[in-house]
2 protein chains.
Amino acid sequence: MPNSVPNIVIHRLPFYLRALEMMAENGQVVTSSQELGDRLGISSAQIRKDLSHFGEFGKQGTGYEVDYLRQQLRRILKIEALWGIAIVGAGDLGHALVNYAGFRERNFLVETVFDMDPKKVGTPIGSLKVEDQSQMLQRLKELDIKIAIIAVPARNAQTVAELLIEGGVRAILNYAPITLNVPDEVCIEYIDPVIALQSMTYYLERESMEQKRAVSE
Amino acid sequence: MPNSVPNIVIHRLPFYLRALEMMAENGQVVTSSQELGDRLGISSAQIRKDLSHFGEFGKQGTGYEVDYLRQQLRRILKIEALWGIAIVGAGDLGHALVNYAGFRERNFLVETVFDMDPKKVGTPIGSLKVEDQSQMLQRLKELDIKIAIIAVPARNAQTVAELLIEGGVRAILNYAPITLNVPDEVCIEYIDPVIALQSMTYYLERESMEQKRAVSE
DNA sequence: CTATCCCTGTGTGCTATTTCACAAATCTGT
DNA sequence: ACAGATTTGTGAAATAGCACACAGGGATAG
């Protein structure tokens, strides 16, 4: 593997970028590792060390130029140009994702959405029409899609992932509550709100007298 | 801090639980650290070490009883009984979250949803009605809500978080694309699909001849 | 021009996390 | 009852990640 930058560093860069975008919006011209760190709850040394993996972007005594550092981070993350993405699953979640303006604002364009349910195929979501999942392989190749989001039930997610990969997709964001098995060269990230909630409840106290009853199984 | 178990360990437990739930659904009675690890892409030693923080749950030569380990993990994560949650923001995302069956299936109950837009207040989502955000403080206390999900635009998220905390909320799942400033004793987790996408693009190649144009700023 | 202050980039040591590897416990088949 | 095959729980070793602290470049003010 020719990539020496730790994965955990890469995963922090988008947060730095997000903070910089907000500063830029507010017209701020320069910032410092200290200020960034305070905003993000990270030590300033960590930020400097992370950035040092890629070059020297700051000026001693001054700090970082917001706009310049932002450009550099975009270059590093390869998000200067638009990426097309496909969404699989046109349920409530799929709808919310297709309609989410944040993708476009941050250089991701939802180019197509698929569903396997014949009743959903053809219905419009925003400016798109739901396409038939049986056409997915072909359409992915046509559109040269490299990134996809899985928003189907857990039981179908593995099959969908395999189909996506066969269609040329190299990065998958999986909303289905299941760990997927993918080749090493395919990137995968998971979003599961319940998992996030469950790691917080560990730290909570059960104070309430009347505990709410569990769902019967 | 009386809690010696590393945070990173706590964050893996829900994944173990999720895999166990699936095994239980399939009628599987016993499993092993090896099998769990294979499913989750984690080493078996890691799983054994993680579990050892809390006790001895397996039998040498046999492995773990799926049902027993599942119960234990639920106990450790304090999710044996139902937790009530509040959702703030009744946009597309808020709708999808309120309608998401996965919360209820995994012992979280969406008890209320708020929005600040008078036009949305009173409209039904599933079996709930959108409540006015100005009533939030009072309602949170009435319902004794400890967990909330923020699904409002970034510019309002900090204010909403502060209000939630004042209302007694101790754990926040934030979907707004901004890092929030909260007291140490409040748990916070973030979900931002764009951040997830951006850490994957780093690993992708820009192969396509015709790069898609960036959104003009 | 000089003194002072500010802030980066980084070598170094420290802490946290993961992996290794093995004794002991349990099961299976004969 | 015993040999061989499994699999746990866990010290010890290895690896990874983080924070400290400071030299040195640059800004500022007088």
Side-chain angles (χ1 to χ4, degrees), chain A residues 1-16 19-20 23 28-73 76 179 184 199 202-203, chain B residues 1-16 19-20 23 28-73 76 184 199 202:
Chain A
M1 206 168 291
N3 172 21
S4 61
V5 183
N7 189 266
I8 193 165
V9 173
I10 302 302
H11 276 75
R12 276 192 295 264
L13 299 185
F15 289 95
Y16 302 166
L20 288 165
M23 289 175 177
Q28 188 174 344
V29 175
V30 295
T31 185
S32 65
S33 58
Q34 180 71 55
E35 187 188 25
L36 265 173
D38 288 349
R39 280 217 192 194
L40 297 172
I42 290 177
S43 82
S44 63
Q46 174 105 82
I47 291 176
R48 294 199 300 278
K49 186 76 115 185
D50 284 353
L51 295 177
S52 76
H53 283 102
F54 305 97
E56 310 195 353
F57 305 116
K59 240 193 268 184
Q60 287 162 330
T62 308
Y64 302 91
E65 233 183 288
V66 170
D67 212 64
Y68 176 69
L69 185 53
R70 184 171 61 142
Q71 275 177 1
Q72 292 302 308
L73 284 174
I76 293 163
T179 301
D184 282 349
S199 38
Y202 174 81
Y203 296 100
Chain B
M1 204 168 291
N3 173 19
S4 61
V5 182
N7 190 266
I8 193 164
V9 173
I10 302 302
H11 277 75
R12 277 192 294 262
L13 300 184
F15 288 94
Y16 301 166
L20 288 164
M23 290 174 177
Q28 189 175 344
V29 175
V30 295
T31 185
S32 65
S33 59
Q34 180 72 55
E35 187 189 25
L36 265 172
D38 288 349
R39 279 216 192 195
L40 297 172
I42 290 177
S43 82
S44 62
Q46 174 111 85
I47 291 177
R48 294 199 300 279
K49 188 73 119 188
D50 283 355
L51 295 178
S52 76
H53 283 100
F54 306 98
E56 310 195 352
F57 306 116
K59 241 193 265 182
Q60 286 164 331
T62 306
Y64 302 90
E65 232 183 289
V66 170
D67 213 65
Y68 176 69
L69 185 53
R70 183 172 60 143
Q71 275 177 0
Q72 292 303 308
L73 284 174
I76 292 163
D184 282 348
S199 38
Y202 174 81

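Below, chain A is the first sequence line, B the second, and so on; all start at residue 1.
- Protein atom CD of A/Glu65 is 12 Å distant from nucleotide atom P of D/dA27, rounded to whole Å.
- Rounded to the nearest 0.5 angstrom, A/Ser199 OG and B/Asn7 CG are separated by 8.0 Å.
- To the nearest angstrom, P of D/dT15 lies 19 Å from CG of A/Asn7.
- Side-chain contact between B/Ile47 and B/Ile42: present, with at least one pair of heavy atoms (C-beta onward) separated by less than 4.5 Å.
- The separation between B/Ile10 atom CD1 and C/dT17 atom P is 11 Å, rounded to whole Å.
- The distance from atom CD1 of A/Ile47 to atom C1' of D/dG17 is 16 Å, rounded to the nearest whole Å.
- Distance NE2 (A/His11) to P (D/dA16): 17 Å, rounded to an integer number of Å.
- Residue A/Tyr64 holds its OH atom at 6.5 Å from CZ of A/Arg48, rounded to the nearest 0.5 Å.
- Between the CD1 atom of B/Ile42 and the P atom of C/dT17 there is a distance of 15 Å, given to the nearest Å.
- In this model, no donor atom of one side chain and acceptor atom of the other lie less than 3.5 Å apart for A/Gln72 and A/Glu65.
- Every residue was checked against the side chain to side chain donor-acceptor pair (under 3.5 Å) condition with A/Ser52, not counting sequence neighbours, and none meets it.
- Remark: P of C/dT19 and CD1 of B/Ile8 are 10 Å apart, rounded to the nearest angstrom.
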With sugar-phosphate taken as primed atoms, P, OP1 and OP2 and all else as base, the protein-contact string of nucleotides 3-13 of chain C at under 4.0 Å (heavy atoms; B, S, -) is ---BBBBBBB-
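- Side-chain contact between B/Tyr68 and B/Val30 is absent, with no heavy-atom pair separated by less than 4.5 Å.
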